[in-house]
Undergrad: 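Submitted below is the structure of interest, expressed as structure tokens.
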Amino acid sequence: MAPRLLGKVLAHRTAAGVLAGRIVEVEAYQGPHSDPPDPAAHAYRGPTPRNRVLFGPAGHAYVYSIYGRYFCMNISCEAEGRAGCILLRALEPLTGVKQMARNRGLAMGAAIDAKLGRLLTSGPSRLCQAMGITRAAHNGINLLDQASPLQVQDDGYTVGEVLVTPRIGIHEAVDRPLRFALRGNPCVSGAKSFR
DNA sequence: AGGCCGATCCTCT
DNA sequence: GAGGATCGGCCTA
């Protein structure tokens with residue numbers, strides 16, 4: 001599912017207008033049923049009040065808070081009772097760029113060069129901030145329902161070469177090739193060698 | 001009831 | 001490249 005999500009669009013209808021970005025970097029985290037088990041995953045020890053969305057149906061948002069100040073967003077990917085998911089790590093801004101800059105607290109003029117574009121949505125918590133995604137408002141939301149304010153959409157974009165690397169920022173199962181990104185896309189997080 | 005720590009980001013050197 | 005912010009959630013007792 002992770003590489004298949006690359007190139008899709010995440011769209012959020014807000015009071016300030018539509019915010020949308022293309023998914024350019026993701027990571028896969030596996031449920032407790034996986035073989036081998038995935039100790040880096042939130043679902044590794046089974047369901048808890050925090051991660052219960054992951055054990056529900058596929059296509060729903062799992063939004064959690066981290067370090068007391070940020071959010072990260074995942075998409076549940078398996079049938080009920082299982083808990084695999086995809087973490088969104090970077091977007092390429094498409095719509096509502098000015099509002100994204102405001103959400104990120106960046107003073108941004110009309111010009112959107114590659115460097116500023118990266119600052120908006122290259123990172124799992126940066127993209128939540130730019131898109132206005134919070135646990136209170138969006139955890140558990142159905143991303144595949146046209147009626148949802150937050151959705152994943154397919155605009156027909158054709159994906160090029162996919163870069164596969166280990167996952168970032170974890171301490172367990174550090175070597176598995178479960179991070180996927182559009183190779184060469186400037187909005188992918190991390191150093192140049194990871195793009 | 002208490003302690004520990006994180007799928008991060010920003011600032012400063 | 002290193003260190004601090006900051007708090008909800010999970011584990012242990």
Side-chain angles (χ1 to χ4, degrees), chain A residues 1-3 5-6 10 21 23-34 36-56 58 60-78 82-93 100-108 115-140 143 150 152 163-182 186-195:
Chain A
M1 270 309 298
L5 264 174
L6 290 175
L10 182 68
I23 299 169
V24 299
E25 178 185 352
V26 299
E27 283 175 358
Y29 288 87
Q30 296 174 287
H33 304 83
S34 71
D38 184 2
H42 285 187
Y44 175 58
R45 294 170 205 281
T48 69
R50 175 175 69 153
N51 69 18
R52 69 187 156 76
V53 172
L54 294 179
F55 289 85
H60 290 245
Y62 165 50
V63 183
Y64 68 91
S65 63
I66 182 125
Y67 296 108
R69 37 168 60 182
Y70 301 112
F71 295 104
C72 295
M73 174 182 162
N74 298 254
I75 301 175
S76 66
C77 282
E78 296 199 56
R82 301 173 69 89
C85 67
I86 308 298
L87 170 72
L88 303 187
R89 283 200 57 93
L91 305 177
E92 177 182 325
M100 289 188 198
R102 278 194 286 270
N103 289 347
R104 289 270 296 128
L106 300 176
M108 188 180 219
K115 196 168 273 188
L116 281 172
R118 289 199 79 233
L119 287 176
L120 287 181
T121 52
S122 69
S125 296
R126 284 175 171 179
L127 75 87
C128 284
Q129 202 170 40
M131 292 285 289
I133 294 166
T134 65
R135 173 173 170 83
H138 302 104
N139 188 50
L143 298 164
L150 188 64
V152 173
L163 175 73
V164 184
T165 79
R167 295 173 293 188
I168 293 177
I170 56 171
H171 302 296
E172 308 273 352
V174 295
D175 291 331
R176 297 184 198 171
L178 293 175
R179 172 178 177 264
F180 304 83
L182 298 187
C187 293
V188 172
S189 73
K192 275 183 185 170
S193 57
F194 280 88
R195 292 178 239 153

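Just so it is clear, the model here is predicted, and its values are computed rather than measured. We name chains A, B, ... by the order of the sequence lines, and we start the count at 1 in each one.
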Undergrad: Could you state the atom-to-atom distance from NE2 of H42(A) to P of dA7(B) in whole Å?
TA: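 Distance check: H42(A) NE2 to dA7(B) P gives 4 Å.
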Undergrad: For V63(A), is there any backbone N or O sitting under 3.5 Å from a side-chain donor or acceptor partner on R135(A)?
TA: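 Yes; at least one donor-acceptor contact below 3.5 Å.
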Undergrad: With centres under 5.5 Å and planes under 30° as the test, does Y67(A) stack with dA5(C)?
TA: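 Ring-base stacking flag not set for Y67(A) and dA5(C).
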Undergrad: Rounded to the Å, how far apart are Y29(A) OH and dG6(B) P?
TA: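 Nearest whole value for this atom pair: 13 Å.
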Undergrad: Does the R167(A) side chain pair with the main chain of R176(A), one donor and one acceptor, at a distance under 3.5 Å?
TA: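 Side chain of R167(A) to backbone of R176(A), a donor-acceptor pair under 3.5 Å: no, none is there.
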Undergrad: Which nucleotide, dA7(B), dG9(C), dC9(B), lies nearest any side-chain atom of R50(A)?
TA: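 Of all the options, the side chain of R50(A) is nearest to dG9(C).
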Undergrad: Choose from dG8(C), dA7(B), dC11(C) the nucleotide whose nearest atom is closest to any side-chain atom of R45(A).
TA: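 Looking only at heavy atoms from C-beta outward on R45(A), the closest nucleotide is dC11(C).
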Undergrad: Short question: side chain of R104(A), backbone of L119(A) - any donor-acceptor pair under 3.5 Å?
TA: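 Yes: the side chain of R104(A) pairs with the backbone of L119(A).
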Undergrad: So if I apply the side chain to side chain contact (heavy atoms under 4.5 Å, CB included) rule between E25(A) and each of L163(A), L87(A), L182(A), I168(A), which one comes out positive?
TA: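 Result: among L163(A), L87(A), L182(A), I168(A), I168(A) is the only option passing the side chain to side chain contact (heavy atoms under 4.5 Å, CB included) with E25(A).
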Undergrad: Rounded to whole angstroms, how far apart are CG on N103(A) and C1' on dC9(B)?
TA: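 The distance from CG of N103(A) to C1' of dC9(B) comes to 16 Å, rounded to the nearest Å.
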Undergrad: Quick one: on DNA chain C, does R135(A) or Y70(A) contact a more 5' nucleotide (nearest heavy atom)?
TA: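 Residue closer to the 5' terminus by nearest nucleotide: Y70(A).
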Undergrad: Do any side-chain nitrogens or oxygens of R167(A) fall under 4.0 Å of OP1 or OP2 in dA7(B)?
TA: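 So the side chain of R167(A) is outside the cut-off, no N or O lying under 4.0 Å from OP1 or OP2 of dA7(B).
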Undergrad: Counting heavy atoms from C-beta on, name the nucleotide in dC10(C), dC9(B), dA7(B) closest to the side chain of P49(A).
TA: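 Among the listed nucleotides, the one closest to the side chain of P49(A) is dC10(C).
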Undergrad: Distance check: side-chain N/O of T48(A) vs OP1/OP2 of dG9(C), anything under 4.0 Å?
TA: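 No, no such contact exists.
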Undergrad: Taking D175(A) for its side chain and P166(A) for its backbone only, find out whether a donor-acceptor pair lies under 3.5 Å.
TA: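 A pair under 3.5 Å: no.
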Undergrad: Mapping C85(A) and Q129(A) onto DNA chain B by nearest heavy atom, which one lands closer to the 5' end?
TA: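 Here C85(A) is the residue nearer the 5' end.
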Undergrad: Round to a whole Å and report the spacing from NE2 of H171(A) to C1' of dC4(B).
TA: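 For the pair H171(A) NE2 and dC4(B) C1', the rounded distance is 13 Å.
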Undergrad: Between L120(A) (CG) and dC10(B) (C1'), how many Å, whole number?
TA: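 It works out to 15 Å between those atoms.
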Undergrad: Using whole Å, what does the distance between atom C1' of nucleotide dT8(B) and atom CG of L87(A) come to?
TA: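 Atom CG in L87(A) sits about 11 Å away from atom C1' in dT8(B).
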Undergrad: Measure CD/E27(A) against P/dT8(B) and give the value in whole Å, please.
TA: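 Atom-to-atom, E27(A) to dT8(B), this comes out as 8 Å.
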Undergrad: Does R69(A) place a side-chain N or O at less than 4.0 Å from the phosphate oxygens OP1/OP2 of dC10(B)?
TA: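 So the side-chain polar atoms of R69(A) never come under 4.0 Å of the phosphate oxygens OP1 or OP2 of dC10(B).
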Undergrad: Heavy-atom nearest nucleotide on DNA chain B for R126(A) versus L54(A): which residue maps closer to 5'?
TA: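 Comparing both residues, the 5'-ward one is L54(A).
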